[in-house]
Amino acid sequence: MTENVLAALRSQRIETASWAYANSGTRFKVFPQEGVPRTPYEKISDAAAVHRYTGVAPSVALHIPWDRVDDYADLARFAAEQGVTLGTINANVFQDNDYMLGSVTNPAAGVRRKAIDHLLECVDVMDKTGSRDLKLWFSDGTNYPGQDNIRARQDRLAQALQESYDRLSPNQRMLLEYKLFEPAFYTTDVPDWGTAYAHCVATGERAKVVIDTGHHAPGTNIEFIVAFLLRAGRLGGFDFNSRFYADDDLMVGAADPFQLFRIMHEIVLADAVGPASGIAYMLDQCHNIEPKIPAVIRSVMNVQEATAKALLVDHAALSAAQTDGDVLGANAVLMDAYNTDVRPLLRDLREQMGLDPDPLAAYQRSGYAEKIRAERVGGEAAGWGA
Ligand code: AFD
Ligand code: MN
């Protein structure tokens, strides 16, 4: 059992987000931090530090235009030298002034064309970085009843998805992300998993849904969505983070580790922990008040702990109890795994991988934080571009 668990944990790949290393905040204030990257290259250096100490974060997601460079092949070469690869390409059609009334669903055809052209530019970037996934999140929506035609916006969305999907190569995928609300407050054009799923099915077989764990109404049973999309073959990936109230983008596992365990239990049941599953396990977080690189390391460790606990579930005993209608027995099987302290197991895993058993302490001792604070003086710290 232990060997299988360790093998599955060794196979895990968690992609970190370039923007997690940059300055971020809320609409009220961005508290800048010292040593923050100023360029995509410096973001990649920080992502490489996370991988160096965790061993399971070998790729970094980019966000265009925040991470736009003149030579993506050079950026990819730099990443490789740092020990990481360029991952998912995230489109950004939520910050240009033209997008006030929406991007791909805007009532003005010229704005829609501009937005779709950006999606196509992102695919051009994918061709240069060798990325598999185009990640689409649309802030599009309306703030007032009557503002726009709800069905017409769905038609516009479908057209934009189809045009950008048709631009993809056979080895590339479209990942469509949903979010209940914000920045739109009355309707959001991709508000829930059902809308995303329906558009993915209509668009093509390589269109899949991204579950951002902070994008649901409070109390939503996210593991049900995971199970449904797994069964339908439409789970493209996760944007892991955690929330107490809204899209808080806090460290994954920090608010509700039990929910993260239940999500990973569905993943383990489907034997989908490793990269062969095709599921992209990304962190989509913003570290507004905590040091960024340690927060990302902690987040990776939280995903590992939830996964390790899920891997300890005795599936034979669970299935037998379920078949017998033994409610308490089945629940106890799951809780036994969840209540297991897996930190010794993860320390063993890291030692087997030639890593320090405590990635956070190793990072703190490395002097990397002091180095980047000393070096990254001047220039313009990277941020949200908001
Ligand atoms: C914002 C959105 C969404 C998206 C991310 C990167 O809420 O989660 O995935 O930006 O574009 O957090
Ligand atoms: Mn997200």
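Both backbone and side-chain heavy atoms feed into the values below; hydrogens, waters and symmetry mates do not. Order of listing sets the numbers, starting from 1, for every ligand and every atom in it.
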J.: If you round to 10 degrees, what value do you get for the angle at the Mn ion (ligand 2) between D239 atom OD2 and D284 atom OD2?
T.: 100°
J.: Measure from NZ or CZ of K43 to the centre of the six-membered ring of Y41 and say whether it is under 6.0 Å with the direction within 45° of the ring axis.
T.: no
J.: Answer with yes or no whether E182 contacts ligand 1, where contact means a heavy atom under 4.0 Å from a ligand atom.
T.: no
J.: Below 3.5 Å, N or O to N or O, backbone or side chain included: is there any such pair between E177 and ligand 1?
T.: yes
J.: In terms of residue, atom name and distance, what is the protein heavy atom nearest to atom 11 (O) of ligand 1?
T.: H63 NE2, 2.5 Å
J.: Should one rank D284, N92, L136 by closest heavy-atom distance to atom 5 (C) of ligand 1, which comes out on top?
T.: D284
J.: Take F228 and Y197, measure what ring pair (Phe, Tyr, Trp, His ring centres under 6.0 Å) needs, and give me the verdict at the end.
T.: CA-CA 10 Å; F228 185 97; Y197 172 71; 5.6 Å; yes
J.: Does the side chain of H287 come within less than 4.5 Å of L250's, by heavy atoms?
T.: no
J.: Closer than 4.0 Å to some heavy atom of W19 - which atoms of ligand 1 meet that?
T.: 6 (C)
J.: To 10 degrees, how wide is the angle OE2 (E177) to the Mn ion (ligand 2) to OD2 (D212)?
T.: 90°
J.: On the 0 to 90° scale, with breaks at 30° and 60°, tag the H215-W137 ring pair as parallel, tilted or perpendicular.
T.: tilted
J.: Tell me which one of L318, L260, V226 satisfies side chain to side chain contact (heavy atoms under 4.5 Å, CB included) with H265.
T.: L318
J.: Does ligand 1 come near enough to N90 that some N or O of the ligand is less than 3.5 Å from an N or O of the residue?
T.: no
J.: Could you check whether any side-chain heavy atom of F258 comes within less than 4.5 Å of a side-chain heavy atom of Y338, counting everything from C-beta outward?
T.: yes
J.: For ligand 1, which atoms have a heavy atom of K179 less than 4.0 angstrom away?
T.: 7 (O)
J.: Which heavy atom of the protein is the closest neighbour of atom 7 (O) of ligand 1, given with residue, atom name and distance?
T.: D247 OD2, 3.1 Å
J.: Using a strict 4.0 Å cut-off to heavy atoms of D249, name the atoms of ligand 1 that fall inside it.
T.: 12 (O)
J.: Keeping D71 on the side-chain end and D74 on the backbone end, is there a donor-acceptor pair under 3.5 Å?
T.: yes
J.: For Y72, does the six-membered ring have the charged nitrogen or CZ of R77 within the cation-pi criterion, i.e. under 6.0 angstrom from the centroid and within 45° of the normal?
T.: no
J.: If you measure every N or O of D239 against every N or O of ligand 1, does any of those distances drop under 3.5 Å?
T.: yes
J.: Of the options L176, D166, L119, which is the one that meets L161 in a side chain to side chain contact (heavy atoms under 4.5 Å, CB included)?
T.: L176
J.: Determine whether the side chain, the backbone, both or neither of V210 has a heavy atom under 4.0 Å from any heavy atom of ligand 1.
T.: neither
